[in-house]
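Please read the structure below before turning to the comments.
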Amino acid sequence: MPEPVTHTLAVPGADLTYDVRGDLQDRPVLLMIGSPMGASGFPTLAAQFEDRPVVTYDPRGVERSTRTNGTGELSPDHHAADLIALIETLDAGPVDLFASSGGAVNALALLAIRPDLVNTLVAHEPPLAAILPDSKEALKACEDISETYQRDGMGPAMAKFISIVGFEGEIPADYTEQPAPDPAMFGLPAEDDGSRDDALLGQNLRGCTSYLPNFDALAQATGKLVVGIGEESANQLAARGGKAVAERLGLAPVVFPSNHGGFLGDEYGMPGKPVEFGAKLRDVLAR
């Protein structure tokens with residue numbers, strides 16, 4: 001795989017950093033995105049597509065993409081505007097788009113606004129708590145995580161986040177009344193370092209999980225959309241969000257190997273099944 005060439009793009013409120021592997025004249029370009037995961041999460045998956053150009057990027061406020069208008073919470077619409085600017089800057093025609101987690105939510109916002117920029121979108125496990133049958137309970141749990149972060153800092157809040165991410169099935173009404181998980185269980189600090197600018201907990205959590213996609217617009221673009229879920233995470237919140245999107249649009253979700261991060265190699269020490277995942281993604285895009 002060619003070494004990535006790094007570029008920057010100034011957009012309102014941020015300076016975005018993105019990486020290009022291969023020749024953009026070869027079409028279609030494959031854009032891989034997450035949120036708050038940045039480009040550092042995709043080298044293993046990108047390496048499986050040596051036959052085509054691959055672009056990855058850091059969303060605003062993540063890793064190398066710095067915000068120029070201060071901090072505060074972001075919405076998928078902010079990220080969709082950034083993606084529009086990025087794709088137009090690439091000047092490579094409509095792209096194939098693999099979008100994971102919060103990136104899948106942002107990509108759905110993009111597809112609703114500018115379907116002309118997308119050839120095929122594979123939206124893998126968008127954590128859309130607001131459209132679940134148990135949305136009230138799920139959103140309450142997300143709000144509790146946000147409040148915990150503002151009150152107690154990263155460790156206690158991230159412990160709650162990890163717990164809800166792996167929760168199987170619908171969120172019970174008394175979920176937030178149950179004993180809080182110990183941060184030490186996940187190797188997290190219990191003490192508060194005073195920072196409140198975490199890309200997940202401080203910037204994207206509430207805007208992402210509470211987002212309501214424009215299903216009227218998406219219904220006009222279902223031919224461009226594939227909703228993916230993990231075979232091992234199918235009953236967890238993010239995959240359930242994907243199922244809910246698919247159901248609203250009359251689509252059948254496509255099952256991918258492994259779990260929510262099934263495409264990962266050793267990027268974060270939690271490998272999925274990246275070879276099998278990449279083969280499935282290649283097959284889906286070919287169809």
Side-chain angles (χ1 to χ4, degrees), residues 9 11 14 16-19 29-46 49 54-65 73-87 90 95-114 117-130 161 165 198-201 203-211 213 218 224-230 233 236-239 241-242 245 253-254 256 258-264 267-268 270 272 274 277-278 281 284-285:
L9 171 63
V11 297
L16 304 179
T17 299
Y18 65 98
D19 302 311
V29 170
L30 175 54
L31 175 58
M32 299 178 176
I33 68 170
S35 182
M37 179 183 287
S40 61
F42 292 103
T44 300
L45 184 60
F49 291 87
V54 175
V55 176
T56 56
Y57 95 120
D58 296 337
R60 66 168 59 207
V62 173
E63 298 179 16
R64 301 165 299 171
S65 290
E73 294 183 284
L74 298 168
S75 78
D77 292 328
H78 288 115
H79 294 296
D82 291 345
L83 289 169
I84 290 170
L86 173 58
I87 296 170
L90 295 175
V95 300
D96 282 342
L97 181 53
F98 171 71
S100 168
S101 193
V105 178
N106 301 340
L108 289 169
L110 164 68
L111 183 62
I113 301 168
R114 290 291 305 275
L117 296 179
V118 178
N119 184 45
T120 299
L121 163 60
V122 180
H124 186 255
E125 298 205 351
L128 288 163
F161 175 78
V165 164
D198 184 79
L200 168 64
L201 301 171
Q203 297 182 44
N204 290 290
L205 176 66
R206 294 200 304 178
C208 175
T209 55
S210 66
Y211 191 71
L218 290 173
K224 297 174 178 282
L225 176 61
V226 176
V227 178
I229 61 173
S233 50
Q236 296 172 2
L237 189 148
V245 170
V254 175
F256 278 74
S258 194
N259 52 31
H260 188 64
F263 57 91
L264 290 170
E267 284 87 355
Y268 304 119
M270 298 179 293
F277 195 104
L281 178 59
V284 168
L285 292 173

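In what follows, every heavy atom counts, from backbone to side chain, and hydrogens, waters and symmetry copies are set aside.
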>> Test of understanding: with side chain to side chain donor-acceptor pair (under 3.5 Å), list the residues that count as partners of T209, not counting sequence neighbours.
In response: none
> Hey, does P127 have a side-chain heavy atom less than 4.5 Å from the side chain of C208?
Replying inline: yes
> Are the charged groups of D96 and K224 less than 4.0 angstrom apart, N to O?
Replying inline: no
> Between D82 and Y57, does any side-chain donor sit less than 3.5 Å from a side-chain acceptor?
Replying inline: no
>> Between L90 and V55, is the side chain to side chain contact (heavy atoms under 4.5 Å, CB included) condition met? List the steps.
In response: CA-CA 9 Å; L90 295 175; V55 176; 4.1 Å; yes
> With side chains defined as the heavy atoms from C-beta onward, is the minimum distance between I33 and L97 less than 4.5 Å?
Replying inline: yes
> Between V254 and V284, does a side chain to side chain contact (heavy atoms under 4.5 Å, CB included) hold up when you go through it step by step?
Replying inline: CA-CA 9 Å; V254 175; V284 168; 4.1 Å; yes
> Which pair of heavy atoms, one from L218 and one from L108, lies closest together, and at what distance?
Replying inline: CD2-O, 3.6 Å
>> What's the separation between atom CG in L121 and atom CG in L110, rounded to the nearest 0.5 Å?
In response: 7.5 Å
> Measuring from L74:CG to N204:CG, what's the distance to the nearest 0.5 Å?
Replying inline: 5.0 Å
> Closest approach of G278 and L45, non-hydrogen atoms and distance?
Replying inline: CA-CD1, 3.9 Å
> At their closest point, which heavy atom of P126 faces which heavy atom of A104, and how far apart are they?
Replying inline: CB-CB, 3.8 Å
> Roughly how far, to the nearest 0.5 Å, is the CG atom of D58 from the CD atom of E63?
Replying inline: 4.5 Å
> Is there a side-chain contact between V165 and L237, using heavy atoms and a 4.5 Å cut-off?
Replying inline: no
>> Is it true that S40 and Y268 share a donor-acceptor pair across their side chains at a distance under 3.5 Å?
In response: yes
> Looking at side-chain heavy atoms only, is the closest gap between V29 and V54 below 4.5 Å?
Replying inline: no
> Which heavy atom of L128 sits nearest a heavy atom of Y211, and at what distance?
Replying inline: CD2-O, 3.4 Å
> Between S65 and G61, is there a donor-acceptor pair closer than 3.5 Å when you use the side chain of the first and the backbone of the second?
Replying inline: no
>> Is the ring pair F98/F256 parallel, tilted or perpendicular, if the boundaries are 30 and 60 degrees?
In response: tilted
> Nearest 0.5 Å, what's the NE2-CZ distance between H124 and F263?
Replying inline: 7.5 Å
>> With rounding to the nearest 0.5 angstrom, report the CG to CE distance, L264 to M37.
In response: 4.5 Å
> What's the shortest heavy-atom distance between H79 and S35, and which atoms?
Replying inline: NE2-OG, 4.1 Å
> Once you round to the nearest 0.5 Å, how far does CG of L16 lie from CG of L9?
Replying inline: 5.5 Å
> Between S233 and E125, does any side-chain donor sit less than 3.5 Å from a side-chain acceptor?
Replying inline: yes
> Given the rule in the side chain to side chain contact (heavy atoms under 4.5 Å, CB included) test, do L86 and L31 qualify, once you have shown the distances and angles that lead to the verdict?
Replying inline: CA-CA 10 Å; L86 173 58; L31 175 58; 4.1 Å; yes
> Taking all atoms of both residues into account, what is the closest heavy-atom pair of E267 and F42, and its distance?
Replying inline: OE2-C, 4.1 Å
>> Is it the case that the side chains of S101 and H260 hold a donor-acceptor pair, with the cut-off being a distance below 3.5 Å and no angle test?
In response: yes
>> Measuring only between side-chain heavy atoms, which start at C-beta, is T56 closer than 4.5 Å to Y18?
In response: no
> Do V95 and L30 come close enough that some side-chain heavy atom pair is under 4.5 Å?
Replying inline: no
